[in-house]
Amino acid sequence: MTDYTQAIKNQAVAMSGQNVVVNLVGGQSLTGTLSYATTEAHYSVNYPDVLTVTVSTKAHTVRLDHVSSIGQG
């Protein structure tokens, strides 16, 4: 895992439940409520490779390697 990917994961954890703008590689963006949660494992924490952004009532699942940044919405 790269430092960049881990930074996106850490940012997703910190902003989960908030209204955000998720900027995607290629210039598109999604604005909505971010959902991202870690799970506990034996002596470690597992970070999922996808996050969910709910725009209006539609949930969009996005792979983290397609995310360029996450900001306040």
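Keep in mind it's a predicted model, so treat the numbers as computed, not measured.
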Pairs in or reaching into [range]: which pass side chain to side chain donor-acceptor pair (under 3.5 Å), with residues at least two apart or in two chains?
range	result
residues 61-73	Asn23-Ser69, Arg63-Asp65
residues 50-59	none
residues 26-42	none

Is there a side-chain contact between Thr5 and Tyr47 (heavy atoms, below 4.5 Å)?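 In short, these two side chains do not touch, never coming nearer than 4.5 Å.
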Begin with the C-alpha distance, continue with both residues' side-chain angles, and end with the deciding distance and a verdict on side-chain contact (heavy atoms from CB on, under 4.5 Å) for Ile70 and Val21. CA-CA 6 Å; Ile70 302 171; Val21 176; over 6 Å; no
Using side chain to side chain contact (heavy atoms under 4.5 Å, CB included) as the criterion, point out the one residue from Val13, Leu51, Val62 that pairs with Leu34.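 When side chain to side chain contact (heavy atoms under 4.5 Å, CB included) is applied between Leu34 and each of Val13, Leu51, Val62, only Leu51 qualifies.
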Would a hydrophobic clustering, with Ile, Leu, Val, Met, Phe, Trp and Tyr connected at side-chain separations under 4.5 Å, put Leu64 with Val25?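 No, separate clusters.
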Does Val50 share a hydrophobic cluster with Leu24, counting links as ILVMFWY side-chain heavy atoms below 4.5 Å and allowing steps through other members?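 No; Leu24 is not reachable from Val50 via cluster members.
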Which heavy atom of Pro48 sits nearest a heavy atom of Ala37, and at what distance?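 So the minimum-distance heavy-atom pair works out to CG-O, 3.1 Å.
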